[in-house]
Amino acid sequence: MLGKKAVPYAASAALVLVTTIFGELVKGRLEPTNLAMLYLLAVVIAAVRWGKGPAVATAILGVLSFDLFLVPPYLAFRVADIQYVFTFAGLLAAGLVVGTLAARMRGQTIQARRREAQTAALYRLAADLADSAGFEEVLLAIRKNVKQIVNCGVAIYLPAGGALALASHDPGFPAGDGEKGIARWAYENGSMAGGGPDEATGKRTRYLPFKTPQGVIGVLGVCLRKGAESLTADEEGMLNTLTSQAAVAIQRANLAEQSRHVELMRQTEKLQSALLSSISHDLRTPLVSITGTLTALQENSPGLDDATRKELLENASEEADRLNRIVGNLLDLTRVEAGTLRISKQPCDLRDVLGASLEQLRERIGSRAIRMAIPRDFPEIPMDFSFMMKAFYNLIDNAVKYSPQDAPIDIGARAHRNEAVIEIGDRGAGIPEGDLSRIFERFYRAENPQRVAGIGLGLSISKGIVEAHGGRIAARNNADAGATFIVTLPLEETKSRS
Ligand code: ADP
């Protein structure tokens, strides 16, 4: 077998042979100087196709063949005519010049192609990175683009908890202890590393460090093509360029992740302190009232008439209920926030659910008129009875809280395009327009009814419950007076989320 490098030389020899045979055939009809042109053609072909070395070889072989076979005396190295010496020299010079030029041009073409491929690869990576939303997507984009260059397995090692760990990899990428050791070496020394075939898989790998101005931030691992002993110069060049761009992207994604984490912590802290301050205030008010009542009863019991005692006890019981509602709401909120609200839907009669909410609010509603307008044949709605009861409870409770004592409350329902639209309206002061979009946020309270007790959780919990059913909730002010809350629920099971 010929080595790869010998092939162009063998081809050059074959070219000289063919030229000589052709020369032999036409030798009688052409002047020897013209025959030399045939060799010149061969030299040019060799130079253009295979480069300088084979061109020089063609020139030398050509000169020898020309002298041996085409110039008398045949089969002898004797220059009979001085003019042929010039022919030989011309042939050799042409071979060298054309060969050098062709080689330079070929080199430039290869360079240009390499640069073009590198630019294209960089551009593709940049575009993919720009599309990547999170850290994982950045790693995926890097792997995808590197894979297009090496066409085999890729892995990314990043430091985690003080050690270098495999952060993302293609299935089948060798990740035994030996391989990890090589990756660590590349990470610690900041230069490319690789060893022999992996013991378990037989694959060969190379590891390139992700370098940034701040230091090495990880390692890129690539498998070599089957049968390859190392990366080609092209592949290495491309990978070096890509790793530096990838390193910057990883660093940026890392920073973004960190700042998201910090922001989350900040939000959590803010939430916790808001929760604490509102809980401490809102839990204390009813507690103070209950304690006060109990103390009054304890200390002055004999001096109190039955009616006053009854009133005090009713007051304490109301405050205890309020306390219970606040604690219940807080518990529901934690479930909604944690996403652990597990609803189980059954077809329910809307009137039953609303009836249960109203029943719980019976005392607070008192003699107030509740005007229900629900068609007799209203379809059943897939709902979690007890959660939806809480959602409606909060809405009706608000209607009671935020409207005058004798004002009626309207509850209506209609089916519209496979959805049930339930409306709860009151005749109160309504909601300031600027607050309409914010009242569903937790702890948000509109400015005007601050005198009314509450902690701004009811609506956000109702919203969480309705959305867990695949529905929506909204609020609007009525044209004449008060506000209306609109709950839209899917009538078909399949449309909902849970
Ligand atoms: P809370 O009633 O405990 O303040 P909610 O989350 O139930 O908390 O309501 C948030 C805010 O929305 C209330 O503080 C109030 O300003 C406003 N709001 C809710 N329902 C009504 C209503 N029916 N009429 C007027 N304002 C309302």
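In listed order, ligands and their atoms are each counted from 1. Along the sequence shown, the residues carry numbers beginning at 1. Any value given below was found using the heavy atoms of this structure, including those in side chains, with hydrogens, waters and symmetry copies removed.
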A.B. asks: Keeping Asn477 on the side-chain end and Ile431 on the backbone end, is there a donor-acceptor pair under 3.5 Å?
C.D. replies: yes
A.B. asks: Would you please test Leu459 and Asn394 for side-chain contact (heavy atoms from CB on, under 4.5 Å) and show each step?
C.D. replies: CA-CA 7 Å; Leu459 287 182; Asn394 289 338; 5.8 Å; no
A.B. asks: Any atoms of ligand 1 less than 4.0 Å from a non-hydrogen atom of Ile431? List them with their elements.
C.D. replies: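 Selected atoms, number and element: 25 (C), 26 (N), 27 (C).
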A.B. asks: If we only consider heavy atoms of Gly456, is any one of them less than 4.0 Å away from an atom in ligand 1?
C.D. replies: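 Yes; Gly456 lies near enough to ligand 1 that a heavy-atom distance drops under 4.0 Å.
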A.B. asks: Which ligand 1 atoms, with their elements, are less than 4.0 angstrom from a heavy-atom of Ile439?
C.D. replies: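 Checking each atom against Ile439, I get 10 (C), 11 (C), 12 (O), 17 (C).
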A.B. asks: May I ask you to check if ligand 1 and Gly458 share an N or O to N or O distance below 3.5 Å?
C.D. replies: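 Yes, at least one N or O pair falls under 3.5 Å.
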A.B. asks: Does Ala483 reach ligand 1 with a nitrogen or oxygen that is under 3.5 Å from one of the ligand's nitrogen or oxygen atoms?
C.D. replies: no
A.B. asks: Between Arg322 and Ser289, is the side chain to side chain donor-acceptor pair (under 3.5 Å) condition met? List the steps.
C.D. replies: CA-CA 11 Å; Arg322 204 172 119 204; Ser289 166; over 6 Å; no
A.B. asks: Ignoring hydrogens and geometry, is there a side-chain-to-backbone donor-acceptor pair from Ser462 to Ala391 under 3.5 Å?
C.D. replies: yes
A.B. asks: Only heavy atoms of Tyr444, strictly under 4.0 Å: list the atoms of ligand 1 that pass.
C.D. replies: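 Those of ligand 1 that fall under 4.0 Å from Tyr444 are 10 (C), 11 (C).
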A.B. asks: Can you list the ligand 1 atoms lying under 4.0 Å from a non-hydrogen atom of Asp426?
C.D. replies: 22 (C), 23 (N), 24 (N)
A.B. asks: Numbering the atoms of ligand 1 from 1, which are under 4.0 Å from a heavy atom of Phe485?
C.D. replies: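 Going through ligand 1 atom by atom, the ones under 4.0 Å from Phe485 are 19 (C), 20 (N), 21 (C), 22 (C), 23 (N).
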A.B. asks: Only heavy atoms of Leu457, strictly under 4.0 Å: list the atoms of ligand 1 that pass.
C.D. replies: 6 (O), 8 (O)
A.B. asks: Number the atoms of ligand 1 from 1 as they appear, then name those within less than 4.0 Å of a heavy atom of Leu459, with their elements.
C.D. replies: 5 (P), 6 (O), 7 (O), 9 (O), 10 (C), 12 (O), 19 (C)
A.B. asks: Tell me if a side-chain donor or acceptor on Thr484 pairs with a main-chain N or O of Arg476 at a distance below 3.5 Å.
C.D. replies: no
A.B. asks: In this structure, does ligand 1 have an atom that sits under 4.0 Å from one of the heavy atoms of Phe440?
C.D. replies: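 Outside the 4.0 Å threshold, so no.
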A.B. asks: Okay, side chain of Arg368, backbone of Pro404: is any donor-acceptor separation there less than 3.5 Å?
C.D. replies: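 Present.
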A.B. asks: Applying a strict 4.0 Å limit to heavy atoms, is Lys401 in contact with ligand 1?
C.D. replies: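 Yes.
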A.B. asks: If a pair satisfies salt bridge (Lys or Arg N to Asp or Glu O under 4.0 Å) and one of its residues is in residues 226-245, list it, with sequence neighbours excluded.
C.D. replies: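 Applying salt bridge (Lys or Arg N to Asp or Glu O under 4.0 Å) to every pair that reaches into residues 226-245, excluding sequence neighbours, yields Arg114-Asp234, Arg204-Glu229, Arg225-Glu235.
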A.B. asks: Measure from the side-chain N and O atoms of His469 to the backbone N and O of Met383, and report whether any donor-acceptor pair falls under 3.5 Å.
C.D. replies: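 Checking the backbone N and O of Met383 against the side chain of His469, no donor-acceptor pair under 3.5 Å is found.
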